[in-house]
Structure formats: C-alpha cells, structure tokens
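Basis for what follows: all heavy atoms, side chains included, without hydrogens, waters or symmetry-related copies. Every chain is numbered from 1 and lettered A, B, ... according to where its sequence line falls, protein lines coming before strand lines.
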Number of protein chains: 2
Amino acid sequence: MKIGDLVKQHGVSVDTIRFYEKQQLLTPSARSEGGYRLYSHADNQRLSFILRAKSVGFSLQQIRELLQIEDNKSQWQCSDVKDKVQHKMTEIAEQISELQRFYQALAQLDQACCGGSVSATECSILTALEQGQPVLAEQHIPKQECAKC
Amino acid sequence: MKIGDLVKQHGVSVDTIRFYEKQQLLTPSARSEGGYRLYSHADNQRLSFILRAKSVGFSLQQIRELLQIEDNKSQWQCSDVKDKVQHKMTEIAEQISELQRFYQALAQLDQACCGGSVSATECSILTALEQGQPVLAEQHIPKQECAKC
DNA sequence: ATAAACCCTTGAGCTAACTCCAGAGTCAAG
DNA sequence: CTTGACTCTGGAGTTAGCTCAAGGGTTTAT
C-alpha cells in the first residue's frame, strides 16, 4: 500500500502522513526499491487509531503516549489508559469553563446594547469595555425604550 | 508615564506592550528626548480597553476592529458593535460544542474501562480506538464484575 | 561620577499541526 | 519510449500571541 492509497482511505493529505512520520507516530513498515513508503495493514490500522484519538480531542503528543501503551500493552495497566482519558477530560472541561465564562460575559455585553442603527457614541458595550463596569442584566433596556439608542 | 509604569498598573509585560504597538493596537502618544515611550491617560485607558476585550475572548485582530470603532464612534452604529459581540458569541458557542463532543466521546471511553491494575492488553478504550466501534454506555461493566479486568 | 535600574531596537524563537514548494526520481499505460 | 501521475527529500512558511536575547543608550539615586 503506497502513501496515496492510505490518503484516499483516510481522507488526510500526503503531507500529513509524512508529518506524522516525522513526529514518530506512524512509520511505514517497508520501502519499495524506488524508495516509496509501503504501508502494511497494521500501519493502516495504526493510522485509524491516530485519527480516532484525534477525533476525540487528543493532541499528537498525547497520541504518541497512547501509542506507546498500544505498542506494549502487556507492560501497562487499564488504569494507565483510563488515567489518560480522564486527564484529557479534565483538560477539556477546563477549556469549556473558560469559554463559558467568555460567553457569559459577552452575553451581558450583548444584552446591554439595543443594536439599533444609531451612532455608537453612546454604545453600552463600548462603555463597558472602556470603563470595565460589569454590565448587569438589570441594566438591559428593551429596544423600544432604550434611551440612548 | 513610561512603559514600566503601564506594566505595573496592568500586570502585563513590557514585551507585550511593545508587541501590541507592533500590532497597531496601542501607540504611545509621545516619546521622551531620550526616545522613551510616553503614555498618556488616554493611552492607559486604551490598554484597559484592550485587556478587557481580551478577557472576554476577543482575538487581537478582533480587538483591532473594535478599536477602529472606538476611535471613530460617530461613524459607526450600535448594531456594528453588537454584531461583533454576537459574532464572537457564535464563534465561542461553536468551540464549546466541539469540546462538548470531545468530552462526551471521552466519557464513553472512560465508562467502558474499569481502570483497574490489570494488563492493558484487553483494555476497552484501546479496543475502541483501534476498531472505532463506538463504546456504548450499556457496555459498561461495574468494576467488581468487569470480566476483562 | 558611577552604579543600578530602566529603556531602546532588531531579530529570533516558541507551540501546534500542518501546508507548501522546488527539484528530482519512479512507475504504469499506451 | 514517452507522458503523466505519483512519490521522494529538505526546508521554509503559516497562525496567534507572545517571549527572549544581544548589545546598546538613558535616568536616577547615592
């Protein structure tokens, strides 16, 4: 199996495959006489493993670690694997929290502004960014009654 | 006000301030005879604006756009500002969704594995990554009864 | 007057995960 | 036997947001 075949099967680019090789994730098990990379069925499955791990959020570094276990399963325990999954879950939960904080802050800004076609000179969003006074939900004024806009 | 004063007030690094200048976000309004950057009160407030925008998730590019409005408020409308906020909210919501998909997939993997101190040769997480069969919640086996572990 | 603390510019390096390019070699079909 | 599709290597470039280092000039305190 040549690199192009692999690429067609998995929908990644040739450059990506070669990049994964440089990253020690996937080394072809053989080379043709002309120097072409030749991939075995096992190599093919290894790529599947990598792409699935990627699809649940693991970084290439983390995938490298998972592959170390995969390559030598008998020397590792279930807990080693589960720990990696749980660690990743924690990481992602933290990222979600930060984004949710962003989202809530933005929602407050959003509520404070009528969004009308009126000069931005008194826009509550800009004011909040200038002065840093947290825009409270109570300050929201319905579009029709917004004094400023 | 010299760069060091600004830095102390805002808790960012000197390099960061100079980087923001290179990025056209914050230019000191004057220079001393010796060539030192001198920041006015308005410059100081501008930095506050930048840092607040950053704290709700805006990228430097997006902050640059917000500052264009801020610099010329009368030529813009409330809707221009609100649109930027809402656009950012959409962006962040998408990021959260992706991370939640990751999280759920990881949670399924996590549930499938007992996490015991037993060889990883039969670990359900690795199997799932190898074979790509989605690990269903029903397949979960309580720790005490896990046949494999 | 001199040392410490501060500031200057230029330019490189960092992380992550690719992506692209040039220039060359290989292989399969007609 | 030639054309076109495929592949090779090596190295540079991309994005975002800094961060650091070298080699110097400026201010301030003693």
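Between Ser32(A) and Leu60(A), it is Leu60(A) whose nearest contact on DNA chain C lies nearer the 5' terminus.
Spacing between atom CG of Leu47(B) and atom C1' of dG17(D) amounts to 15 Å, rounded to whole angstrom units. Distance CD (Gln24(B)) to P (dA16(D)): 15 Å, rounded to an integer number of Å. Taking atom CZ of residue Phe58(B) and atom P of nucleotide dA16(D), one finds them 16 Å apart after rounding to whole Å. Put simply, CZ on Phe19(A) is 14 Å from C1' on dG11(D), counting in whole angstrom units. If you take CD of Gln61(B) and P of dA16(D), they are 8 Å apart, rounded to a whole angstrom.
Partners of Ala120(A) under the side chain to side chain contact (heavy atoms under 4.5 Å, CB included) rule, at least two apart in sequence or in another chain, are Cys123(A), Leu126(A), Ile69(B), Trp76(B), Val81(B). Under the side chain to side chain contact (heavy atoms under 4.5 Å, CB included) criterion, Glu33(B) pairs with no residue, sequence neighbours left out. Residues meeting the side chain to side chain contact (heavy atoms under 4.5 Å, CB included) test with Gln75(B), sequence neighbours left out: Asn72(B). Applying the side chain to side chain donor-acceptor pair (under 3.5 Å) criterion to Glu70(B), with sequence neighbours excluded, gives no partner residue. Every side chain to side chain donor-acceptor pair (under 3.5 Å) that Lys73(B) has, sequence neighbours left out, goes to Glu130(A). Scanning for side chain to side chain contact (heavy atoms under 4.5 Å, CB included) contacts around Tyr39(A) gives Met1(A), Ile3(A), Leu6(A), Ile17(A), Glu21(A), Leu26(A), Pro28(A), Arg37(A), Asp43(A), with sequence neighbours left out.
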- [ ] Could you encode protein contacts along nucleotides 2-9 of chain D as a string, one character per nucleotide from 5' to 3', using B for base contact, S for sugar-phosphate-only contact and - for no contact, with a heavy-atom cut-off of under 4.0 Å?
- [x] ----BSBB
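Where DNA chain C meets chain B (any atom under 4.0 Å from a heavy atom), the bounding nucleotides read 5' to 3' are dC6(C) to dT9(C).
Every pair passing side-chain hydrogen bond (donor to acceptor under 3.5 Å, both in side chains) that includes a residue from residues 5-16 of chain A is listed here, sequence neighbours excluded: Gln9(A)-Asn44(A), His10(A)-Asn44(A), Ser13(A)-Thr16(A).
Taking every heavy atom of both residues into account, Asp110(B) and Met89(A) meet most closely at CB-SD, 4.0 Å.
Using a 4.0 Å heavy-atom criterion, one finds that Lys22(B) contacts no nucleic acid atom at all.
Note on Asp71(A) versus Arg64(A): no salt bridge recorded, every NZ/NE/NH1/NH2 to OD/OE distance being 4.0 Å or above.
For the pair Tyr20(B) and dG17(D), the criterion of a side-chain N or O lying under 4.0 Å from OP1 or OP2 is not met.
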